[in-house]
J.: 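Starting off with a structure, shown below.
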Amino acid sequence: MSKVFLVRKEHFCASHRLHSDALSDEENKRIFDKCNNKNGHGHNYTLEVTVHADIDSNTGMIINLVDLKEIIKKWILDPFDHKHLNLDTEEFKSVNPTVENMVLVFWGILIKTELNSMLYEVRLFETENNIAYYRG
Ligand code: NI
């Protein structure tokens, strides 16, 4: 049996406001600067979901990429694409939607799907240069 990594890349757009209720308005402004803008700002996110499993000898696949795509669509894109993360999603009502927190939340969602034990990494590009990833 050969274990292989398989990556599915997706794109979504969302807006957010970086703000911590644990900090004063002045501290929020100082730490998050423009990202603390009261009415938020947007990003074009790139999400990479990596699974790791044995190749099925009958199919030559570790998971059908159509299935992987559908899982990501159902659990991440449908709920979060074109949303204001702080205002429109339960997950980020009280969790600051930094790129770090977002990978943790997305991992927590995907690990409960049929990907489960094959989930290896969730990587999120907030911009070309700002990237977070989590491996459980
Ligand atoms: Ni931002």
J.: Would a 4.5 Å heavy-atom cut-off, applied to side chains only, mark Thr50 and Arg123 as touching?
T.: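 No - every pair of side-chain heavy atoms lies 4.5 Å or more apart.
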J.: Rounded at 0.5 Å granularity, tell me how far CE in Met102 sits from CG in Leu47.
T.: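 Here the interatomic distance stands at 8.5 Å.
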J.: Are Phe5 and Leu65 connected into the same hydrophobic cluster when the rule is that any two of I, L, V, M, F, W, Y join if their side-chain heavy atoms are below 4.5 Å apart?
T.: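 Leu65 does not cluster with Phe5.
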J.: Check Lys73 with Glu70, please: is the shortest side-chain N to carboxylate O separation under 4.0 Å?
T.: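 A salt bridge is absent here (no side-chain N lies under 4.0 Å from a carboxylate O).
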J.: Under 6.0 Å between ring centres, would you say that holds for His43 and His16?
T.: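 Yes, ring centres under 6.0 Å apart.
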J.: Hey, which of Asp54, Ile55, Asp56 is the one that makes side chain to side chain contact (heavy atoms under 4.5 Å, CB included) with Ile62?
T.: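 Between Ile62 and the candidates, side chain to side chain contact (heavy atoms under 4.5 Å, CB included) is satisfied uniquely by Ile55.
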J.: Given the rule that I, L, V, M, F, W and Y join up when any side-chain heavy atoms are under 4.5 Å apart, are Ile71 and Val7 in one cluster?
T.: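 No, Ile71 and Val7 fall in different hydrophobic clusters.
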J.: Would you check if the side chain of Asn86 reaches a backbone N or O of Arg17 as a donor-acceptor pair within less than 3.5 Å?
T.: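 Flag set: sc Asn86 to bb Arg17 pair under 3.5 Å.
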J.: Test side chain to side chain contact (heavy atoms under 4.5 Å, CB included) on Phe32 and Leu23 and set out the steps.
T.: CA-CA 11 Å; Phe32 300 117; Leu23 302 171; 4.2 Å; yes
J.: Does the Asn28 side chain pair with the main chain of Ser24, one donor and one acceptor, at a distance under 3.5 Å?
T.: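 Here the side-chain-to-backbone pair exists.
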J.: How many angstroms lie between CD1 in Ile72 and CG in Asp78, if you round to the nearest 0.5 Å?
T.: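 It is 12.0 Å, given to the nearest 0.5 Å.
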J.: Mark yes or no for whether Asn96, through its side chain, and His19, through its backbone, hold a donor-acceptor pair below 3.5 Å.
T.: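 Between the backbone of His19 and the side chain of Asn96 there is a qualifying donor-acceptor contact (under 3.5 Å).
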J.: Trp75 and Pro79: which non-hydrogen atoms are nearest, and at how many Å?
T.: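 Scanning both residues completely, I find the closest heavy atoms to be O-CG, 3.2 Å.
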J.: For Asp88 and Lys83, indicate whether the former's side chain and the latter's backbone hold a donor-acceptor pair under 3.5 Å.
T.: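 Judged by distance alone, no pair lies under 3.5 Å.
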J.: Decide if the gap between the ring center of Phe80 and the ring center of Phe106 is smaller than 6.0 angstrom.
T.: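 Between Phe106 and Phe80, which both carry aromatic rings, the centre distance is below 6.0 Å.
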J.: So which heavy atom on His84 is nearest to which on Gly40, and how close?
T.: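 Closest approach of His84 to Gly40: NE2-CA, 4.1 Å.
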J.: Show the numbers, then the answer: is there a side chain to side chain contact (heavy atoms under 4.5 Å, CB included) between Asn116 and Leu119?
T.: CA-CA 6 Å; Asn116 192 266; Leu119 187 63; over 6 Å; no
J.: Going by side chain to side chain contact (heavy atoms under 4.5 Å, CB included), Ile76 matches just one of Ile109, Val105, Val49. Which one?
T.: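 Result: among Ile109, Val105, Val49, Ile109 is the only option passing the side chain to side chain contact (heavy atoms under 4.5 Å, CB included) with Ile76.
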J.: Hey, any chance Tyr45 and Leu87 share a hydrophobic cluster, counting ILVMFWY side chains that come within less than 4.5 Å of each other, even indirectly?
T.: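 Unlinked, Tyr45 and Leu87 end up in two clusters.
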J.: Quick check for you: to the nearest 0.5 Å, what is the distance between Thr127 atom OG1 and Asn44 atom CG?
T.: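 Separation between the atoms: 10.5 Å.
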J.: Are the side chains of Leu124 and Glu100 in touch, meaning some heavy atoms are under 4.5 Å apart?
T.: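 Not touching, per the 4.5 Å side-chain cut-off.
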J.: Under 4.5 Å between side-chain heavy atoms, hopping through other hydrophobics if needed: is there a path connecting Val95 to Tyr133?
T.: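 Different clusters: Val95 never reaches Tyr133 through Ile, Leu, Val, Met, Phe, Trp or Tyr contacts under 4.5 Å.
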J.: Hey, quick one: are Tyr120 and Leu68 part of the same hydrophobic cluster, counting side-chain heavy atoms closer than 4.5 Å, chains of contacts allowed?
T.: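 They do not share one cluster, since no chain of ILVMFWY contacts under 4.5 Å joins Tyr120 to Leu68.
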J.: Can you tell me if Asn36 uses its side chain to pair, donor with acceptor, with the backbone of Leu18 under 3.5 Å?
T.: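 Pair found, side chain donor or acceptor close to backbone of Leu18.
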J.: Run the numbers on Glu90 and Lys93 for salt bridge (charged side-chain N to carboxylate O under 4.0 Å, His left out), then give the verdict.
T.: CA-CA 5 Å; Glu90 282 306 316; Lys93 281 215 158 65; 3.3 Å; yes
J.: Between the side chain of Asp33 and the main-chain N/O of Cys35, is any donor-acceptor distance below 3.5 Å?
T.: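 Side chain of Asp33 to backbone of Cys35, a donor-acceptor pair under 3.5 Å: no, none is there.
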J.: Taking all atoms of both residues into account, what is the closest heavy-atom pair of Trp107 and Gly136, and its distance?
T.: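 Taking every non-hydrogen atom into account, CZ2-CA, 3.3 Å.
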J.: Would you sort out whether Ile63 and Met118 count as a side chain to side chain contact (heavy atoms under 4.5 Å, CB included), showing the intermediate values?
T.: CA-CA 9 Å; Ile63 183 174; Met118 77 166 49; 3.9 Å; yes
J.: Are any of the side-chain nitrogens in Glu10 or Arg8 under 4.0 Å away from the carboxylate oxygens of its partner?
T.: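 So Glu10 pairs with Arg8 through a salt bridge.
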J.: Lys9: what forms a side-chain contact (heavy atoms from CB on, under 4.5 Å) with it, not counting sequence neighbours?
T.: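 Counting only residues at least two positions away or on another chain, Lys9 forms a side-chain contact (heavy atoms from CB on, under 4.5 Å) with His11, Thr46, Glu48.
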J.: Backbone N or O of Cys13 within a donor-acceptor pair of the Asp81 side chain at under 3.5 Å?
T.: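 Yes, because the side chain of Asp81 sits within donor-acceptor range (under 3.5 Å) of the backbone of Cys13.
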J.: Are there over 12 heavy-atom neighbours, none belonging to Lys74, within less than 6.0 Å of that residue's NZ?
T.: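 Result for NZ/Lys74: open.
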